[in-house]
Amino acid sequence: MGSVLALAGAGRQNWPFSSDTPPPQWDTPLPHWDTPPRWERRDGRLPNPGSFHALHHSCKDVFPQQIEGVKMIVNKTLSSFFKASHTFHLSAVSPSQYRFHVEHRQSDSHGKDTDSPVLIGEMDSSGSLNAHSLLHLSERIRAKAVFQTQQAQFMTWQFETEYRGSDFTAAVTMANPDVLRESVILVAHFLQSVCSGLVLGGELVYHRGRHEEGGILTLAGQYSGPNWVATLNAGKGGAHASYYHRANKQIQVGVEFEASTRTQETSASFGYQMELPEANMVFRGMVNSRCIIGGVLEKSLSPLPATLLIGAFVNHRGDKLQVGLGINVG
């Protein structure tokens, strides 16, 4: 999905202190069906490799998410399948916003998805809308639709169909089809479990416009051990490598390297996560080659149903400091 949004002009910035105004984003990650773990197999056969855009998921979870200004999130569970949340964000960098988020999903007693559809919607005070829907057509086939608007302008409309075999995953995505402008973006993903720890696959992105046409092929590989995962994506557009290692129950580390042939830029970053169960705290920190250092501390305010977040990011090269405070209730 990342390649689709990048070609569509709605790509996201991975680093703090970006000069570009970020597009509307979710405050919380999408549900686990968007980044599913591998299906465990105990009969000796190879497991399903999962989704292509979840290859670097283990490493990215170690890095802290940027927090700036003052943010308050109030979550409310209205029923077993319907949830709502309100987000108030006061910022000194971007306009202050209010966002309303609703989520409808139904799960069985074991926490696995049923055949009922999943619907997620979010709208902010500027009128921008994000909407996701997921439908399980069968045990192995699912369909997903994504719609994003920025105020009164459509930014993204995307449709995806994914098939999960016993040891492979194949998906086809169509994004921003426009008959009048004769433009469309098509993306094909394929992943195959070669052995118990090795996954190989690729991504093919095809873009057609009225005055341009082209394609990008990216090859991917992932090798995992008992407590580590190494992943590499490489193609005409650049390369993305990551390494995740779980040192023990409390400490996890991750290393990322990204190179882009379009911008002629490279970057490397190191992140870590430290859990303190006795104190109900989780700390995530990072440092990268752009001289940016940051960290976010999460503290559970037990017995209250609330979590306190305190974060700071320092750009030594640009002499900038961003400090954030947040609280998540519910």
Centroid-centroid distance, His86 to Phe100, less than 6.0 Å: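 Yes, they do, as the ring centres are separated by less than 6.0 Å.
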Which residues pass the side chain to side chain contact (heavy atoms under 4.5 Å, CB included) test with [X], sequence neighbours left out?
{"X": "Ser260", "answer": "Arg262, Thr263"}
{"X": "Ala171", "answer": "Glu160, Glu162, His189"}
{"X": "Pro177", "answer": "Trp157, Met174, Val184"}
{"X": "Phe283", "answer": "Tyr272, Leu297"}

Could you tell me which non-hydrogen atom of [X] sits nearest to which non-hydrogen atom of [Y], and how far apart they are?
{"X": "Glu68", "Y": "Ala92", "value": "OE2-N, 3.4 Å"}
{"X": "Leu137", "Y": "Ala143", "value": "CD1-CB, 4.2 Å"}
{"X": "Val199", "Y": "Pro49", "value": "CG1-CB, 3.7 Å"}
{"X": "Leu78", "Y": "Ala84", "value": "CD1-CB, 4.4 Å"}

Does Glu182 have any salt bridge (Lys or Arg N to Asp or Glu O under 4.0 Å) partners at least two apart in sequence or in another chain, and if so, which?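 Testing Glu182 for salt bridge (Lys or Arg N to Asp or Glu O under 4.0 Å), a comparison that skips the adjacent residues, returns none.
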Taking only residues two or more places apart in sequence or in another chain, which ones pass salt bridge (Lys or Arg N to Asp or Glu O under 4.0 Å) with Arg284?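 Testing Arg284 for salt bridge (Lys or Arg N to Asp or Glu O under 4.0 Å), a comparison that skips the adjacent residues, returns Glu298.
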Quick one: list whatever passes side-chain hydrogen bond (donor to acceptor under 3.5 Å, both in side chains) with [X], sequence neighbours left out.
{"X": "Asp61", "answer": "His57"}
{"X": "Thr161", "answer": "none"}
{"X": "Arg208", "answer": "Glu213"}
{"X": "Tyr243", "answer": "His245"}

Show me the side-chain donor-acceptor pairs of residues 226-237 shorter than 3.5 Å, one per line, residues at least two apart or across chains.
unit_1 : atom_1 : unit_2 : atom_2 : d
Asn227 : ND2    : Arg246 : O      : 3.3
Thr231 : OG1    : Leu55  : O      : 3.4
Thr231 : OG1    : Gln222 : NE2    : 3.0
Asn233 : OD1    : His56  : NE2    : 3.4

Phe88: ring pair (Phe, Tyr, Trp, His ring centres under 6.0 Å) partners, not counting sequence neighbours: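 If we apply the ring pair (Phe, Tyr, Trp, His ring centres under 6.0 Å) test to Phe88, skipping adjacent residues, the hits are Tyr98.
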